[in-house]
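Numbers for residues simply follow the sequence, beginning at 1.
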Amino acid sequence: MKYCFFVNRLVYSVLLLVLFSCTNTENNQIDFDETLKITDSLSQFNYEKSINILDSLQSNLKGLTPQQNALILFKKGEIYYVNDLFLEAINTHKKAKDLFINLNDNYNTTRSLITLSAANLRFNNLEKAQEFALEALKNASSLKDKRLLAKANNLLFQLHFTLKDYPKALEYIKKADNIFTNQNDTTSVIAIKSNIAGIYLKQKEYNKALLAYQEALELGKNIKSPQTIVKLLNNIGYTYIETEQYASAAKFLQAAISVNKNISVINGAPYKGLGFTYFLNNDFVTAKAYYKKAIEIFEQNKDTPQQIQILDKLITIAIRTNKPEEALAYQEKRDALQIKQHTKETERLLHFSTVKYKAKEKEAELLFLKQISAKNRLLYGSLVAALLLLLVLLGAYLYITKLKAANKASELEQSLLRMQMNPHFIFNTLAAIQNITLEKDPVKSSNYIAKFAKLIRQNFDYVRKEEISLEREINMISNYIETQQLRFDYAFKYILNVAENCDVKSLKVPPMLLQPFLENAIEYGLKEKKDGGILELNITKENTKLCFVIKDNGVGRSHQSKTKKSKELHATDVFKERLKLRKKGEEKSFKIQDLYSENNEAIGTKITFKINIV
């Protein structure tokens, strides 16, 4: 380490010494070119030093031409991009592009446009990415530069792939494929073939996908790149899994493992694929062995999402092989990882949003400053200052308002979760499952453990979502009702009526909307009936509204039990507050009605409400 540090310092010092000692134009050009080469070698492992060298070059090299200055900015932008500093890359390449335009350097202008498009695409600024890519495509066409033309087409492929416009994405990537094939750039052709196969997979055209991967694999044998071969073997194996050709899938995944062993590389993907292959063939012992090997590798690589996926399969295997304790152990581990992943993802999104906001703010500021002329700067200076102050105050007000709303939403989430998963419900359900286990019915016990575990996972997964599909909401409440029926030994029936005009997959509703009222119907109405209880849920669609009716034939709401009444009111208040946060006036449609017989005897409760679906 000390030796490497000394060498780096020496190279840096010698470079600066040469820069300060240059006196003539010819030597300047030589030193300029050599410096750019040095920054290329440093950019991957010490980008900060590369930037410092370029800054020193820009400040100290005598007789720096406008072309050289533009090239320095271009090189800095490229270094920022390869190190995932996309905001810095965008700002630097904009300056370089403007300089190249002034110099009528169409070639380097197009290169800057390509990086600008790629950086904006990574920044999820799709409109800007498309604008720069189309401009680059136009320039590359006029230059008749095939490599730039291929890169522009590849960017447009990535853009349309992100937008899930697969036919258009395929059109652009095939153009890039033709260009690179003609140039004999094997590495680029392999990448493009893989991208083509990826589009066919999205379109479920598996034979075409396999053909594209096979073409890439044949090309890969010529460039002697084991890592590329392994990636292609994995992709082919997973594609065969999609086509249910498990023997072929196992063959290619085993081949990937063999190649990895030859180059001493640890890769969990083929082990995961083999685990899934044997899982689908109901060979749970072999599947479990491969999944365990895969999860060990992903633990070493700290790949949390992959661990969660494998643990889901291990839970299923444990349940199917009648090992409830093992299933619960895997579930606990999976839930811990899920919480960790959720926290990490939240932090990442928050950081991404902050950086993106800064980029937008910077872009708006630059645009605004360009519109101010030299003559009226003094006049508008005070106006800008006042406007900025107003924006700060407005921003502070909006931030505080947003923070209050977020805190309110968080409180409602916690209240909702406490209502959904109260200890009384959990302990009674576990006791019921224990009774089934004691009755020596392991299959039934495992099924209810799975249902109960799924119910808990659904509650935690859905509570922070603003909306889920009606299908998921129905699945969750059905799972909840089945669990409650187990608790009360099927003393009541559950009837679900969904109108034919309700597309449960596309319609969106707030999560965990119905469960509090279903629970109230069971706990305060049907619980007192020994038999003959009926819980009915009707869902209909009226124009732009989704209508819900929950009805039971229980003993009716108790006017004597203050404890039960307060709990019911609390659930209703939380429900109304959730609807108020949507700001659609839906809470006004909520009605709760006591049902009476002709003899004025309580015969149940009816709840109705409507939500907007547009």
The side chain to side chain donor-acceptor pair (under 3.5 Å) partners of Lys508 (sequence neighbours excluded) come to none
For Arg472, enumerate each residue passing the salt bridge (charged side-chain N to carboxylate O under 4.0 Å, His left out) test, keeping only those at least two apart in sequence or located in another chain.
none
Those residues that, when tested against Tyr80, pass ring pair (Phe, Tyr, Trp, His ring centres under 6.0 Å) (two or more places apart)
none
If the condition is side chain to side chain donor-acceptor pair (under 3.5 Å), which residues does Lys584 pass it with, not counting sequence neighbours?
none
With sequence neighbours left out, write down each residue that passes salt bridge (charged side-chain N to carboxylate O under 4.0 Å, His left out) with Glu586, or none if nothing qualifies.
Arg582
Which residues pass the side chain to side chain donor-acceptor pair (under 3.5 Å) test with Glu542, not counting sequence neighbours?
Lys610
Those residues at least two apart in sequence (or on a different chain) that pass salt bridge (charged side-chain N to carboxylate O under 4.0 Å, His left out) with Asp503 are none
Salt bridge (charged side-chain N to carboxylate O under 4.0 Å, His left out) involving Glu171 - partner list, sequence neighbours excluded
Lys168, Lys175
Residues which pass ring pair (Phe, Tyr, Trp, His ring centres under 6.0 Å) with Phe161, listed by chain and number, not counting sequence neighbours
Phe157, Tyr166
Taking ring pair (Phe, Tyr, Trp, His ring centres under 6.0 Å) as the test, write out the residues that go with Phe590, two or more places apart.
Phe517, Phe575
Checking Gln130 now: which residues fulfil side chain to side chain donor-acceptor pair (under 3.5 Å) with it, not counting sequence neighbours?
none
Contacts of type ring pair (Phe, Tyr, Trp, His ring centres under 6.0 Å), residue Phe74, not counting sequence neighbours
His93
